[in-house]
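Atoms within a ligand are numbered from 1 in the order they appear, just like the ligands themselves.
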Amino acid sequence: MTEVDAPAGWETELFGQALASAPSVLNTQPWTLRVRPDRVELSERTDVVLPFHDPTGRDRTISCGAAAVNLELALRAVGRSVRRTLSPEPEEPTLRVRFDLVGRADPTVTERALHAAVPRRGSHRAPFAARPVPEATVADLVAAAGAEDVWIHPVAGDAELEALADQLSAAGRAYRGDEGYQRELALWTVRDENHRRHGAGVARSSMLATGRSVPSAGIVRPRTEVPDRADLVENLRRERMLLSGTDTDDASAHLRAGAALQRVWLTAVAAGLAGAVQTQPLQLPRIRTELARRFGFDGYLQTLFRVGHPVGRPPASPRRSLGDVLHREP
Ligand SMILES: Cc1cc2nc3c(=O)[nH]c(=O)nc-3n(C[C@H](O)[C@H](O)[C@H](O)COP(=O)(O)O)c2cc1C
């Protein structure tokens with residue numbers, strides 16, 4: 001953005017941490033924030049384009065939905081009551097979320113817990129510890145997404161694991177050999193010493209720390225292993241995979257899918273778990289359709305979320321400076 005004022009005032013730290021801790025496709029952080037005395041508006045940056053990873057921009061909008069949850073929790077943490085409106089101005093489609101500041105009220109216990117989890121969340125792409133996620137926690141994660149009108153299907157049983165393994169394998173093989181895809185991935189991969197200079201892109205160290213094979217290698221590189229079906233089913237059996245979906249496939253659904261993703265992720269972190277999201281398999285239309293068919297879903301799959309007990313802490317990714325994304329108005 002060129003029209004940026006130097007950020008200052010009570011909101012600088014608040015919004016800085018909220019945005020800098022949000023997940024986004026290839027860590028593009030495709031948003032800008034406009035702060036007015038009575039409202040805060042999150043817009044989508046349409047100049048961030050990923051023709052191979054996100055050809056229709058769906059993941060960009062999902063990312064904005066996830067960032068909006070962090071903003072809402074930040075406002076609630078300082079006792080601001082907010083009214084959230086998705087896509088508030090039809091004639092301004094890149095304006096994705098508006099928070100009207102409508103009063104004051106203490107944050108609830110859940111809001112406090114989720115807000116405390118914001119800086120602890122990160123993409124845990126490595127395999128998880130060999131301990132099952134308690135079913136009661138899985139139920140909490142499903143409920144967290146339900147608050148955004150997004151359904152979650154926890155994958156269970158041999159038939160479902162096999163159906164998932166088949167589609168993850170097909171996606172992994174397709175991306176491994178796709179030159180354009182790999183070139184785009186290389187462009188958005190950042191060495192640690194360049195974090196400050198670039199401010200966006202996936203940390204190379206976070207990919208090296210990842211598992212070598214599908215599904216734990218969330219980002220498929222030329223040498224990522226795609227195990228045979230039986231081995232992949234065994235790998236999947238050691239994790240919990242949650243499929244999320246919506247009844248429609250428009251911008252509002254994508255924003256809600258992002259918001260649900262972030263609520264689920266923060267709920268998991270608050271419960272001592274870790275997670276990693278994958279949408280790349282769903283960017284292949286035939287995989288998205290086939291997965292829905294094999295699982296008998298009527299709606300549209302939006303994200304795949306792996307959840308489990310953490311092993312270590314995921315490496316940090318670069319972040320854009322707040323001056324790059326925030327615009328204040330007196
Ligand atoms: C909509 C969306 C799609 C994503 N897709 C993938 C994916 O397919 N594979 C993957 O490993 N990470 C994926 N991520 C995770 C991002 O790469 C990650 O959030 C970003 O690099 C920032 O790192 P952090 O999550 O550790 O803060 C996705 C994140 C979002 C919000």
Which residues pass the salt bridge (Lys or Arg N to Asp or Glu O under 4.0 Å) test with D249, sequence neighbours left out?
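With neighbours one apart ignored, the set is R288.
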
I want to know if ligand 1 touches [X] in the polar sense, i.e. an N/O pair below 3.5 angstrom.
{"X": "L261", "result": "no"}
{"X": "W265", "result": "no"}
{"X": "D59", "result": "no"}

Min over S206, S123, A22 of heavy-atom distance to atom 18 (C) of ligand 1 lands on S123

Using heavy-atom distances only, which candidate in S216, S24, G201, G122 approaches atom 31 (C) of ligand 1 most closely?
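Comparing heavy atoms across S216, S24, G201, G122, the nearest one to atom 31 (C) of ligand 1 lies in S24.
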
[X] vs [Y] side-chain heavy atoms within contact, under 4.5 Å:
{"X": "V40", "Y": "F15", "answer": "yes"}
{"X": "T94", "Y": "R45", "answer": "no"}
{"X": "L50", "Y": "W188", "answer": "yes"}

Would you call [X] a ligand 1 contact, heavy-atom distance under 4.0 Å?
{"X": "P314", "answer": "no"}
{"X": "R121", "answer": "yes"}
{"X": "A276", "answer": "no"}

Where does [X] meet ligand 1, judged by heavy-atom distances below 4.0 Å: at the side chain, the backbone, both, or neither?
{"X": "S317", "result": "side chain"}
{"X": "N27", "result": "both"}
{"X": "R319", "result": "side chain"}

Can you tell me if Q29 uses its side chain to pair, donor with acceptor, with the backbone of L19 under 3.5 Å?
no

Residue, atom and distance of the protein heavy atom nearest atom 11 (O) of ligand 1 read R125 NE, 2.6 Å

What is the nearest protein non-hydrogen atom to atom 12 (N) of ligand 1, stated with its residue, atom name and distance?
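In this structure, atom 12 (N) of ligand 1 has V277 O, 3.3 Å as its nearest protein heavy atom.
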
Under the criterion side chain to side chain contact (heavy atoms under 4.5 Å, CB included), which of V226, L304, V220 is the partner of L168?
L304

Classify the ring geometry of H153 against F295: parallel below 30°, tilted from 30° to 60°, perpendicular beyond 60°.
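Correct class here is perpendicular.
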
Carefully, step by step, assess D192 and S205 under the rule side-chain hydrogen bond (donor to acceptor under 3.5 Å, both in side chains).
CA-CA 7 Å; D192 288 18; S205 52; 3.1 Å; yes

Tell me which pairs pass side-chain hydrogen bond (donor to acceptor under 3.5 Å, both in side chains) where either residue lies in residues 64-79, with sequence neighbours left out.
N70-Q262, R76-E111

